[in-house]
J.: 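Mind looking over this structure? Questions follow.
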Amino acid sequence: MKNKLAICLIFLLLIANPFIYADDWYGEYGNYFRVYDVESNEILFKTAREVSRGDQYLSGDNKMYHIVRVNPRSHLAYAEFVEEVQLPKVNREALQKIQLAIQEGGLSTLLLAQEEGEENQEERKVGIYATHTAESYVPTDGSESIEEGGGILQVAEVLKNSFDGHGVEATFDNTPHIPHDAGAYKRARRTAVQLMREHGANALIDVHRDAVPAEQYITEIEGEPATKVRLVIGRRNQNFKANEELAMQVKAVADEMHPELIKDIFYAKGDYNQDLTPRAMLVEMGTYEHTRQRAETAAGYLSEVVTTALFGGIIEEEGAADGTPPAETGGVQESNRGAGLGTIGLIAVIGIGGFAFLFLSSGGKEWKSKLGNFKQEFANLLGRRKKK
């Protein structure tokens, strides 16, 4: 009986594998995905995250692409152009006031003044954490990964302090989530939930760094050496559209305030715990080949942009400059279909596994009898549900 049970468990693991979704890619450093335009064969972007068919990509110049072909062995993918995307419209007059306040060191005072007289004043609280707490920057930290706590934690600390300077109550939780494996996001989820429950965070930022060549992210902002920032949206969560809207708003504001800051937006197949809140962000702060100081500089500018996008009140009603609504990207339909297929796959695994267990544990004749009993019980269950 024990041998049959062991065989059944192995069988379940084997057939379940195709339906398991990974929220990240854990290949060796130096390997990464290269994504090309299927028409021109020109490279669009590189990423150390898993690339899957159905993913989407919004380039720095706001062109939307759809991943149509992936070769995981060679880490190559191809995308087709979908459309030009119109970002949310920014109120230029309000933005100028905010930029002036930042220059004079009084953004928090300006935001407080804007809130005076409002009936429902929103608490400006942001929770910051790092799923991959070991991530580091080789030129500064000496290694791409430090189990005791990598340089990414210092970048997140700078982000937290920068938010504080703008009148946003930011809480940074440096709880370790090692090792850097497929379970890291599950461990980080507890940290994210705690930030919301105990600290009242109404926005979450998960701080990462990429693992691609340095030139993919290198930039200067206001004359300072810095890294660009990639925004990552998880396609498989019920807050997808809200997360996308937030990312679009952040990019729209950044394109006005600091055009060299936001590199692009990658719509990946994972969840990234963004189902916890409509205001969830995952940011890639440069890559492991950069100095940490570049990422810290970018963190300061990112806090300005996110504070302005979330609490500055400068985003106008949805629509293009001519009043027409922005085009749909189609991402939510793709995401829902993927989630549905995952559910169907799970049901199939349970069903097939159950039949396999019946057969192995009972023998050819007896399992038929048990199967008949199962059908009867299932029919009874459906009957009871219909009566409700």
Side-chain angles (χ1 to χ4, degrees), residues 58-62 85-118 121-126 128 155-170 202-203 205 207 217-231 244-265 279 281 283-286 293-322 326:
L58 183 71
S59 63
D61 56 355
N62 301 322
V85 172
Q86 179 69 50
L87 295 180
K89 187 178 179 182
V90 173
N91 186 309
R92 299 287 180 86
E93 183 178 348
L95 179 61
Q96 288 176 355
K97 292 180 180 179
I98 287 177
Q99 289 176 309
L100 181 60
I102 291 173
Q103 292 173 6
E104 297 177 349
L107 178 56
S108 59
T109 303
L110 175 63
L111 294 180
L112 285 172
Q114 289 177 348
E115 291 179 354
E116 288 183 2
E118 294 183 5
Q121 294 186 7
E122 180 183 13
E123 290 186 297
R124 301 192 296 272
K125 294 185 177 182
V126 174
I128 302 169
V155 174
E157 185 70 35
V158 170
L159 182 62
K160 182 262 184 200
N161 293 335
S162 298
F163 272 119
D164 288 341
H166 297 313
V168 176
E169 184 180 333
N202 50 29
I205 302 179
V207 184
Y217 280 84
I218 201 163
T219 191
E220 284 190 2
I221 304 174
E222 304 294 331
E224 295 184 84
T227 67
K228 292 186 178 182
V229 178
R230 169 172 289 158
L231 307 179
E244 179 188 40
E245 182 181 359
L246 173 60
M248 292 285 190
Q249 291 176 356
V250 168
K251 189 175 188 304
V253 172
D255 286 355
E256 294 287 342
M257 295 181 72
H258 306 295
E260 296 301 318
L261 178 62
I262 300 300
K263 172 178 168 57
D264 46 29
I265 303 176
R279 286 180 168 181
M281 298 175 59
V283 295
E284 299 271 20
M285 306 295 296
Q293 285 78 9
R294 279 182 175 270
E296 291 172 350
T297 298
Y301 289 111
L302 182 64
S303 71
E304 291 181 7
V305 169
V306 175
T307 298
T308 302
L310 282 179
F311 311 113
I314 69 168
I315 301 296
E316 297 186 351
E317 292 295 324
E318 287 191 9
D322 60 1

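No experiment lies behind these values; they were computed from the predicted model shown.
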J.: Say whether, by atom type as modelled, one donor and one acceptor occur between the side chain of R294 and the main chain of I218 under 3.5 angstrom.
T.: no
J.: In chain order, what residues pass the side-chain contact (heavy atoms from CB on, under 4.5 Å) check against S162, with sequence neighbours excluded?
T.: V158, S303
J.: Using the side-chain contact (heavy atoms from CB on, under 4.5 Å) criterion, which residues pair with A252? Sequence neighbours excluded.
T.: L87, P88, V90
J.: Are the side chains of E256 and R92 in contact, using a 4.5 Å heavy-atom criterion?
T.: yes
J.: Among residues at least two apart in sequence or on other chains, which ones pass side-chain contact (heavy atoms from CB on, under 4.5 Å) with K263?
T.: Q216, Y217, K228, R230
J.: Is the closest side-chain heavy-atom distance between N62 and D255 below 4.5 Å?
T.: yes
J.: By side chain to side chain donor-acceptor pair (under 3.5 Å), which residues pair with E157, not counting sequence neighbours?
T.: none
J.: Between N202 (side chain only) and E123 (backbone N and O only), is there a donor and an acceptor less than 3.5 Å apart?
T.: yes
J.: With sequence neighbours left out, write down each residue that passes side-chain contact (heavy atoms from CB on, under 4.5 Å) with E220, or none if nothing qualifies.
T.: none
J.: Could you tell me which residues satisfy side chain to side chain donor-acceptor pair (under 3.5 Å) with Q103, sequence neighbours excluded, listed by chain and number?
T.: none
J.: With side chain to side chain contact (heavy atoms under 4.5 Å, CB included) as the test, pick out the partner of V283 among I262, V250, V306, I205.
T.: I205
J.: Compare all side-chain heavy atoms of M248 with those of L58 and state whether any distance is below 4.5 angstrom.
T.: yes
J.: Can you pull the salt bridge (charged side-chain N to carboxylate O under 4.0 Å, His left out) pairs that have at least one residue in residues 296-305, sequence neighbours excluded?
T.: R292-E296
J.: So for atom NZ, which belongs to K125, do other residues, nucleotides or ligands contribute more than 12 heavy atoms lying within a distance under 6.0 Å?
T.: yes
J.: Looking at residues at least two apart in the chain, or sitting in another chain, which of them share a side chain to side chain donor-acceptor pair (under 3.5 Å) with E224?
T.: Y301
J.: Listed by chain and number, what are the side chain to side chain donor-acceptor pair (under 3.5 Å) partners of N91, not counting sequence neighbours?
T.: E316
